[in-house]
Amino acid sequence: MASDIRITGPTLKVLGQMLTAPESGISGAEISKATGVASGTLYPILFRLEKARWLSSEWEDVDPSQAGRPRKRLYKVTALGCVESKSAIADLVPSNGRLVWES
Amino acid sequence: MGVMTSLATGAAAFVGVFALQTASRVVAEEIKDWLPFLSEKLLTFAVNRLPEVERGRYRAEWIADLNEYPGKLTQMLRAGGFCFAAVRIRAASPSSITIKSELSVRLKYIFAVPRLRRMFWKGVSFQACFAAFGIWGLLHFHWSFLSNLLYCILGIVASFFVGKWLTRNESRRSVSKE
């Protein structure tokens, strides 16, 4: 399943953000704000990464009535995801100020 | 007269601008009030596009997501994005309905009902015979309308017999049941 992941530009951005995310996890909206990846692209990426077990997600541990807002779904990178995403990023080489895949 | 005309034009322009400004403000307020409703509708539309097992989770997650954005227009645009996300998630979901599975379900229903099954086979045979005789007619095209008409009639007659032959087991079964 892990090899099924298509590493696109937005996927790399999301993975890069996930690697620097706090231990408690990061919500989809926060990833979107940090990476600029739109909701229509972000959630399918998160879905695929979660299905491939590169990411895990859980509900935020707050009481919505006390917090005055709905609970967020927090995403965390798994050990497998950490290894795989680091290896995917390592395959990239800088070219003209951008990262491209080594040919 | 010239001064009066200028004054009247100026006053009309002032009134026009004021009216336009008021109208645009009213329209903007109206749209602003409608945006949360549209966001909700888009969110529901998106959630309904998801596989059934994922709907509850994504509904709650996306409501929380929209809540993190203060602007009503941003929320609506983000909810619009969820529609695209839902279609992609559905396509990537292992439990998603594929064209193949949809077709197999439809065919299963067709073949479950004898009358529909007979209609299906007669339709298939009709199409096949009509196409075959049509191609034959085109290959032996004599610039004669009558010859082509004859091929079409032959196609219809042949499809009748082929349809009968394809559904012959069906008739036998119904006779034996009686």
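A:F47 places a side-chain heavy atom less than 4.5 Å from the side chain of B:S93. Residues A:T41 and B:R88 are in side-chain contact: their nearest non-hydrogen atoms beyond the backbone lie under 4.5 Å apart.
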Query raised in the report: So A:R73 and B:E54, salt bridge (charged side-chain N to carboxylate O under 4.0 Å, His left out) or not? Walk me through it.
Result: CA-CA 13 Å; A:R73 186 90 182 171; B:E54 308 285 356; over 6 Å; no

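The hydrophobic cluster containing B:V17 does not contain B:V26, counting ILVMFWY residues as joined when their side-chain heavy atoms lie under 4.5 angstrom apart, directly or transitively. Residues A:Y75 and A:W59 do not share a hydrophobic cluster, defined by chaining ILVMFWY side chains whose heavy atoms lie under 4.5 Å apart. Note on B:F84 and B:L42: separate hydrophobic clusters, where clusters join Ile, Leu, Val, Met, Phe, Trp and Tyr whose side-chain heavy atoms are under 4.5 Å apart, directly or indirectly. The same ILVMFWY cluster, assembled from side-chain heavy atoms under 4.5 Å apart, contains both B:L43 and B:L50. The hydrophobic clustering, which links ILVMFWY residues whose side-chain heavy atoms are closer than 4.5 Å, places A:L49 and A:L19 together.
Electrostatic pairing of B:R57 and A:E58 does not count as a salt bridge here, judged by no charged N lying under 4.0 Å from a carboxylate O.
Of all residues in residues 61-82 of chain B, those placing a non-hydrogen atom less than 4.5 angstrom from a non-hydrogen atom of chain A are B:E61, B:W62, B:I63, B:A64, B:D65, B:N67, B:E68, B:Y69, B:R78, B:G81, B:F82.
Highest contact tally toward chain B, considering only A:G28, A:S27, A:S32, is held by A:S32 [criterion: heavy-atom pairs under 4.5 Å].
For a residue to count as touching a neighbouring chain, one of its non-hydrogen atoms must lie under 4.5 Å from one of that chain's; by this rule A:E60 does not touch chain B. For A:R69, the parts lying under 4.5 angstrom from a heavy atom of chain B are both the backbone and the side chain. In this structure, the portion of A:L42 lying under 4.5 Å from any heavy atom of chain B is its side chain and not its backbone.
Few gaps surround CG on A:D63; more than 12 heavy atoms of other groups in view lie less than 6.0 Å from it. Enclosure of atom NZ in A:K33 by more than 12 non-hydrogen atoms of other residues, nucleotides or ligands within 6.0 angstrom is indicated.
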